[in-house]
Trainee: 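This is the structure I have questions about; it appears just below.
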Amino acid sequence: MLSSSPARRQAPQPRYSGTPLDLRGGTLTIHTSTEVGGGDGSGVDYTYAYGPSGIAGLAHNRIALACAVFASLGGLTFGYDQGVIANVLVMPDFVTRWPVGAWERGLMTAVLELGCLFGALGAGVLADRLSRRTGIMFACAVFSLGSALQCGAQSLFHLTVGRAIGGLGVGALSMLSPLYMAEISPPEVRGSLLALEQFSIVLGCVVGFWVGFFTRNVAGSASWRIPLGIQLIPGILLGVGTLYLPPSPRLLVLQGKIDLARESLAKLRSRTTDDSLVEIELLEMQVEASLVQRTQASGKSALENEARTWAQLLSPRYRDRTMIGVLIMFFQQWSGINALLYYGPMLMRSLGLSGRDSNLVVAGGVNIVQFFAVIPAILYIDKWGRKPLLRAGSVVMAASHLVVAILVYRYQGSWVENPIAGWIAIACVYLFTAAYGMSIGPVAWVLPSEVFPLSMRGKGVAVSTASNWFNNFLIGFITPPLMEASSALTFGVFGVACGGAYLWTTYCVPETANMPLEAVDAAFASAAGHDDALLRRQIETQVGLEDFIRRLDRLGNEQER
């Protein structure tokens with residue numbers, strides 16, 4: 001059997017490893033093992049990379065990096081709203097014009113997340129029926145419409161409707177951008193490129209928060225209209241610029257456009273269309289696409305086919321992958337990060353800080369800490385792996401929240417007499433934020449785009465992203481009344497959720513770092529990989545992948561002699 005896999009893949013170890021072939025700066029290592037082939041000596045396993053990982057790998061894959069950076073502007077729209085709303089809700093003109101209570105404030109914040117939920121689910125259909133790029137352009141148009149309504153709102157109803165419409169666009173972008181980024185990324189830097197989504201979200205948080213901070217004292221409604229209007233800029237920029245992004249080669253292969261897929265892949269890898277590594281990756285995509293077409297659900301009508309495809313996400317073949325996508329987003333949101341971003345000033349007041357400006361400055365520091373914390377994750381996520389980052393981050397986040405909960409329970413109402421306790425609590429908030437930025441923040445955008453096969457990737461990522469927005473909606477809606485009931489309980493709930501994330505990661509999450517998307521099946525014990533193994537081997541022979549690898553193997557042996 002022929003397979004592409006990284007060294008950490010749990011498979012029979014080869015009897016010996018061949019010398020890596022140097023292919024224009026990339027490498028192809030062919031391992032021969034009698035075990036892989038079922039004892040007949042015919043098995044071939046191989047690994048390949050276009051270049052190094054980490055910083056050097058990002059520099060080596062300049063075109064893929066540039067495309068991923070631009071696509072990640074979709075995350076900027078999400079982050080900017082998170083950062084700006086905390087200031088808007090406490091601006092003097094806004095509060096005077098439209099006084100709202102705790103539940104109204106929660107609804108105002110959370111209605112965008114509810115729109116995002118439906119936007120993410122709808123984008124799953126759009127991405128498969130049309131293309132990733134077309135979906136991104138449509139989502140940008142919807143987002144820009146919602147932003148314009150928010151900026152020009154003449155009533156609280158107008159603002160609420162604008163946030164709901166904008167949420168449809170943000171939700172679609174939060175699903176489509178990582179999906180596109182995953183499908184254009186080489187395996188050795190895919191984690192780093194996908195982590196750019198979180199970096200872009202955090203950058204948007206920082207920019208949104210401080211724009212709102214510096215406009216808070218502008219006279220009249222301009223204090224909040226200006227920051228709400230600025231979010232039109234990334235939406236329009238991404239919508240227009242998407243016209244110049246190369247299409248997803250994996251989607252082109254699934255649509256039978258092999259020549260166009262080869263051209264797009266060669267462009268993304270900065271190589272020629274006859275390059276050996278490009279040919280290997282393209283053949284792998286053809287194998288996956290053929291496997292998809294032979295095993296996907298078939299109904300009597302297009303609507304029935306669509307319904308069956310969605311239902312497959314809960315079938316035994318894909319249930320474990322779906323749960324990973326849904327739960328990683330659940331734990332990301334219930335870690336409490338967005339409660340800090342949305343209601344930072346409120347939370348800081350609960351920790352004893354006085355003065356509106358000091359509350360805002362310290363809350364804004366949360367965004368800055370997260371911004372710098374995500375940088376190591378971008379650089380080293382493919383080297384360190386997804387699972388170790390999740391486990392370590394969960395432990396630190398849980399401990400930080402529980403310490404804050406204890407301090408709030410003990411000293412709330414007497415912070416002035418115990419200033420050290422207050423600053424320890426604030427330090428723990430920052431420690432939590434740093435741990436989040438290095439772990440579940442970026443990893444939650446990486447895993448869902450990796451674990452699903454090509455046929456289910458669009459809908460799988462859509463459901464995973466919908467989980468993010470549903471839980472985001474709950475957090476935004478219940479945090480104000482929960483804080484009014486008990487600040488200590490609020491931090492305690494988030495701490496328990498982070499502890500649950502550690503247990504779930506330890507026992508349920510596989511490691512997918514450095515795996516080609518087409519080889520991720522090996523990380524799962526579900527029937528999806530085992531049932532398709534024989535059929536995949538037949539397809540590998542039919543499309544010529546096995547013969548191509550063996551030809552390169554013979555070439556390598558001749559070079560060694």
Side-chain angles (χ1 to χ4, degrees), residues 71-72 74-75 77-79 81-82 107 109-130 132 135-136 138-140 142-143 146 163-183 194 197-198 200-201 306-315 318-335 337-338 342 440-453 455-478 497 501 504 509:
S72 71
T77 62
F78 168 32
D81 181 85
Q82 286 185 309
L107 179 62
T109 302
V111 69
L112 181 133
E113 279 69 49
L114 196 59
C116 289
L117 189 158
F118 293 105
L121 290 173
V125 177
L126 193 63
D128 290 338
R129 294 290 180 182
L130 299 176
R132 301 354 182 185
I136 291 174
F138 182 77
C140 287
V142 174
F143 169 75
R163 288 183 61 75
I165 294 175
L168 292 172
V170 172
L173 288 172
S174 68
M175 175 266 167
L176 291 164
S177 292
L179 176 62
Y180 174 78
M181 293 158 69
E183 294 189 344
L194 280 168
E197 175 75 4
Q198 180 64 18
S200 187
I201 291 173
E306 193 72 30
R308 288 191 178 188
T309 303
W310 283 100
Q312 280 189 342
L313 289 171
L314 297 178
S315 70
Y318 302 111
R319 188 181 301 142
D320 51 355
R321 303 157 197 256
T322 302
M323 292 308 298
I324 284 177
V326 169
L327 288 177
I328 189 68
M329 292 301 189
F330 170 86
F331 286 117
Q332 187 201 56
Q333 292 306 306
W334 284 91
S335 70
I337 186 64
N338 282 333
Y342 291 142
I440 199 168
V443 175
W445 296 106
V446 174
L447 277 179
S449 296
E450 292 183 324
V451 299
F452 292 100
S455 61
M456 305 301 295
R457 191 169 298 137
K459 293 178 175 59
V461 173
V463 168
S464 303
T465 309
S467 171
N468 176 291
W469 293 115
F470 177 73
N471 288 287
N472 203 332
F473 169 80
L474 291 180
I475 292 294
F477 192 65
I478 71 172
W504 172 72
V509 177

Trainee: If I compare all heavy atoms of Trp469 with all of Leu117, which pair ends up nearest, and what's the gap?
Mentor: CB-N, 3.5 Å
Trainee: Tell me, with the steps shown, if Arg319 and Thr322 meet side chain to side chain contact (heavy atoms under 4.5 Å, CB included).
Mentor: CA-CA 5 Å; Arg319 188 181 301 142; Thr322 302; 5.6 Å; no
Trainee: Shortest non-hydrogen contact from Val142 to Gly169?
Mentor: CG1-N, 3.8 Å
Trainee: For residues Arg163 and Asp81, determine if any side-chain heavy atom of one lies less than 4.5 Å from a side-chain heavy atom of the other.
Mentor: yes
Trainee: Taking Glu197's backbone N and O only, do any of them form a donor-acceptor pair with Ser200's side chain (distance below 3.5 Å, no angle check)?
Mentor: no
Trainee: Quick one, Glu183 and Arg457 - any side-chain contact, counting heavy atoms below 4.5 Å?
Mentor: yes
Trainee: If you round to the nearest 0.5 Å, how far is CZ of Phe138 from CZ of Phe143?
Mentor: 15.0 Å
Trainee: Please find the pair of heavy atoms, one from Leu194 and one from Pro178, that lie closest to each other, and give the distance.
Mentor: CD2-O, 3.3 Å
Trainee: Give me the one residue out of Ile328, Val326, Leu179 that meets side chain to side chain contact (heavy atoms under 4.5 Å, CB included) with Pro448.
Mentor: Ile328
Trainee: Kindly compute the distance separating CG (Leu173) from OG (Ser72), expressed to the nearest 0.5 Å.
Mentor: 11.5 Å
Trainee: Considering residues, nucleotides and ligands other than Phe330, do more than 12 of their heavy atoms fall under 6.0 Å from its CZ?
Mentor: yes
Trainee: From Met323 CE over to Ser464 OG, what is the distance, rounded to the nearest 0.5 angstrom?
Mentor: 10.5 Å
Trainee: Indicate the atoms forming the closest heavy-atom contact of Phe452 with Arg321, along with that distance.
Mentor: CZ-O, 3.6 Å
Trainee: Can you label the angle between the Trp445 ring and the Phe78 ring as parallel, tilted or perpendicular, going by 30° and 60°?
Mentor: perpendicular
Trainee: Can you name the nearest heavy-atom pair linking Ala120 to Ala462, along with the distance?
Mentor: O-CB, 3.3 Å
Trainee: Hey, what do you get for CG (Asn472) to CD1 (Ile337), rounding to the nearest 0.5 Å?
Mentor: 11.0 Å
Trainee: Is the count of non-hydrogen atoms from other residues, nucleotides or ligands lying under 6.0 Å from Phe331 atom CZ greater than 12?
Mentor: yes
Trainee: Given the rule in the side chain to side chain contact (heavy atoms under 4.5 Å, CB included) test, do Cys116 and Leu112 qualify, once you have shown the distances and angles that lead to the verdict?
Mentor: CA-CA 6 Å; Cys116 289; Leu112 181 133; 3.7 Å; yes
Trainee: If I compare all heavy atoms of Met329 with all of Ala444, which pair ends up nearest, and what's the gap?
Mentor: CE-O, 3.2 Å
Trainee: Tell me whether Ser177 contacts the main-chain N or O of Ala71 through its side chain, where contact means a donor paired with an acceptor under 3.5 Å.
Mentor: yes
Trainee: From Leu327 CG over to Gln332 CD, what is the distance, rounded to the nearest 0.5 angstrom?
Mentor: 12.5 Å
